[in-house]
Amino acid sequence: MKDRGKLGQPSVDDRYTQWKSLVPVLYDWLANHNLVWPSLSCRWGPQLEQATYKNRQRLYLSEQTDGSVPNTLVIANCEVVKPRVAAAEHISQFNEEARSPFVRKFKTIIHPGEVNRIRELPQNSKIVATHTDSPDVLIWDVEAQPNRHAVLGAADSRPDLILTGHQDNAEFALAMCPTEPFVLSGGKDKLVVLWSIHDHISAAAAEPSPSSAKTPGTPSGGSIIKQSPKGSGTDKIAEGPTIGPRGTYQGHEDTVEDVQFCPSSAQVFCSVGDDSCLILWDARVGVTPTVKVEKAHNADLHCVDWNPHDENLILTGSADNSVRMFDRRNLTSNGVGSPVYKFESHKAAVLCVQWSPDKSSVFGSSAEDGFLNVWDYEKVGKKKDRVGTRMPNSPPGLFFQHAGHRDKVVDFHWNTSDPWTIVSVSDDCESTGGGGTLQIWRMSDLIYRPEEEVLAELEKFKSHILTCKPKPTAA
């Protein structure tokens, strides 16, 4: 992969060099942060501070080590440069082997096992859930957790809450509900499991815990997760407070790879798995599927997302290299998937799909081919594409391709506090022998703004350029 792909295809290094030369033209801002260890998940946390030229925001990521030091959940502070502030020279000058000055580690949690997934609670983004190589889902109050030094032999950090109910490892399928503090998970046991942590979230100001000492960065009142009495003093996961599930849902015939809530309901959700199925569930009517799409793709399904702007639209990504968009009013034809459209551009398995929080028709997809594609389904079927926004022979709907990663892009997350800003992470072990690469980037607004606006702005520049008098040359 490092030297040559298929015959006639540019090498990874050639492709990357070409991309880097275009950074000043394609991006409004880009920060490249080299990671010592691979990271399988990256998520935006709460915005902390707004300033004139940049905003400070929490960023959650994982470090998946080789065992020489513990696996960790990292809480970082990120300086997000505001639109049209960074100079083109500035964003193009970065060192691939260096850590970005815009990303600074704030706190380290020593995680019991590798961190496969991180999801933040929408009602309080200081609360995150993690999946590891176990049946349990771990809940963390990242502000109340003590900062730990990740050295060999250090005891694991203690989760604030443990969600039990899976019968086998649950490693990737994890979602938090937008409307209530509900958690959804899927695992190797072919089950989808639903919990409510509502009863364990306390109004900290009303019920201060005398045992929880105030640490720097902790909100007054301590953790918002109710603390159970301490056990024997050991740091085993099993010693922490646990809750069982509200419901266990059976319908898949293989590992459940991803789950997602309906944006407006804690009772309606969907799941995808290695059985090629997309399943819709409704907790109000029972524990069996309400709709089962037997063959949503031609291979394993890796990811799913539900459109927060239009609840009829669901995206799926698969090992068949495609992204498909389904309308839940017409999901199947004789049990076989009947997608509204198939988006085909990736050359390897799609690992992550996510709708944009800013525009209802826009979504991103990342894959093992090293690309993060940004699509707009409203552009599909339109005869006229804006000049220059589509590459030759590019598929309909694809209007931006982020090629800054040199290996599989395992996760990405749109920033709801900063429109059109994305954090993405790649596992670089196979191509460069390195750990991972974290990139925070925002494409130029000339790419996605309405054509009339862009042409009007460019016309002003044209007028300005024409009025600039050339400097007289020396005799």
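Values below: every heavy atom of this structure, side chains too, minus hydrogens, waters and symmetry copies.
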Validation row, ring centre His90 to ring centre Tyr53 under 6.0 Å: no
Atom of Cys42, atom of Asp411 and distance for their closest heavy-atom approach: N-OD2, 3.0 Å
Atom of Ser365, atom of Phe412 and distance for their closest heavy-atom approach: N-CZ, 3.9 Å
Side-chain heavy atoms of Val142 within contact of Arg58, under 4.5 Å: no
Close aromatic pair by centroid cut-off 6.0 Å: Trp19 and His402: yes
Pair Ser11, Asp13: side-chain N/O donor-acceptor within cut-off below 3.5 Å: no
Heavy atoms from other residues, nucleotides or ligands near CD of Glu453 exceed 12 (cutoff 6.0 Å): yes
Any donor-acceptor N/O pair, Asp274 side chain to Asp300 backbone, under 3.5 Å: no
Backbone of Val423 reached by a side-chain donor or acceptor of His413 within 3.5 Å: no
Arg117 (side chain) donor-acceptor with Phe172 (main chain) under 3.5 angstrom: yes
Side-chain (Asp133) to main-chain (Asn169) donor-acceptor, under 3.5 angstrom: no
Any donor-acceptor N/O pair, Ser39 side chain to Leu61 backbone, under 3.5 Å: no
Tyr60/Trp140 aromatic ring centres below 6.0 Å: no
N/O donor-acceptor pair under 3.5 Å between Ser366 side chain and Leu372 backbone: no
Proximity of Phe343 and Phe363 rings by center, below 6.0 Å: yes
Shortest non-hydrogen contact between Ser426 and His405, atoms and distance: OG-ND1, 2.9 Å
Lys82, NZ atom: more than 12 neighbouring heavy atoms under 6.0 Å: yes
Side-chain donor/acceptor of Trp306 to backbone N/O of Glu311, under 3.5 Å: yes
Side chains of Glu63 and Val74 in contact at under 4.5 Å (non-hydrogen atoms): yes
Whether over 12 other heavy atoms sit under 6.0 Å from Lys188 NZ: no
Student check: side-chain heavy atoms of Arg119 and Ser41 closer than 4.5 Å: yes
Main-chain N/O of Pro178 paired with Gln123 side-chain donor or acceptor, under 3.5 Å: yes
Check against side chain to side chain donor-acceptor pair (under 3.5 Å), Asp310 and Ser360: CA-CA 7 Å; Asp310 182 347; Ser360 60; over 6 Å; no
Exam field: side chain Glu79 to backbone Arg104, donor-acceptor pair closer than 3.5 Å: no
Minimum heavy-atom distance Lys347-Asp369, with the two atoms named: N-OD2, 2.9 Å
Gln50 and Asn55: CA distance, side-chain angles, deciding distance, side chain to side chain donor-acceptor pair (under 3.5 Å) verdict: CA-CA 4 Å; Gln50 293 190 351; Asn55 301 323; 4.9 Å; no
Test salt bridge (charged side-chain N to carboxylate O under 4.0 Å, His left out) applied to Lys190 and Asp275, step by step: CA-CA 10 Å; Lys190 310 171 190 175; Asp275 54 3; over 6 Å; no
Glu457/Arg449 under salt bridge (charged side-chain N to carboxylate O under 4.0 Å, His left out): CA gap, chis, key distance, verdict: CA-CA 11 Å; Glu457 183 170 331; Arg449 280 168 52 206; 3.0 Å; yes
Point-to-point distance, once rounded to the nearest 0.5 Å, from CZ of Phe182 to OG of Ser265: 9.0 Å
Min side-chain heavy-atom separation Phe102-Trp29 under 4.5 Å: yes
Any side-chain heavy-atom pair of Trp44 and Thr421 under 4.5 Å: yes
Step-by-step side chain to side chain donor-acceptor pair (under 3.5 Å) determination, Gln57 to Asp418: CA-CA 10 Å; Gln57 191 166 351; Asp418 207 290; over 6 Å; no
Val115 versus Ile118, closest heavy-atom pair with distance: CG1-CG1, 3.7 Å
Ile197 and Leu163, any side-chain heavy atoms less than 4.5 Å apart: yes
Candidate pair Gln145 and Asp160, rule side chain to side chain donor-acceptor pair (under 3.5 Å), full reasoning: CA-CA 8 Å; Gln145 281 284 333; Asp160 293 276; 2.9 Å; yes
Distance in Å, Cys262 SG paired with Gln267 CD, rounded so as to fall on 0.5 Å steps: 11.0 Å
Separation between CH2 of Trp355 and CG of Asn307, rounded to the nearest 0.5 Å: 4.5 Å
Lys359 NZ: over 12 foreign heavy atoms closer than 6.0 Å: yes
Separation of Phe326 CZ from Thr316 OG1 (nearest 0.5 Å): 4.5 Å
Residue pair Leu280 / Val268, side-chain heavy-atom distance below 4.5 Å: no
Straight-line distance of Leu30 CG to Ile422 CD1, nearest 0.5 Å: 11.5 Å
Main-chain N/O of Glu120 paired to Ser125 side chain as donor or acceptor, under 3.5 Å: no
Pairwise distance OG(Ser21) to CG(Leu26) - rounded to 0.5 angstrom: 8.5 Å
Geometric class of the Tyr448/Trp420 ring pair [parallel <30°, tilted 30-60°, perpendicular >60°]: parallel
Stepwise side chain to side chain contact (heavy atoms under 4.5 Å, CB included) check, Asp258 with Leu301: CA-CA 8 Å; Asp258 201 10; Leu301 272 74; over 6 Å; no
Minimum-distance pair of heavy atoms, taken over all atoms of Thr132 and Glu114: OG1-O, 2.6 Å
Any Trp37 side-chain heavy atom under 4.5 Å of Asp66 side chain: yes
Identified side-chain contact (heavy atoms from CB on, under 4.5 Å) counterpart of Gln64 within the set Leu40, Leu35, Thr72: Leu40
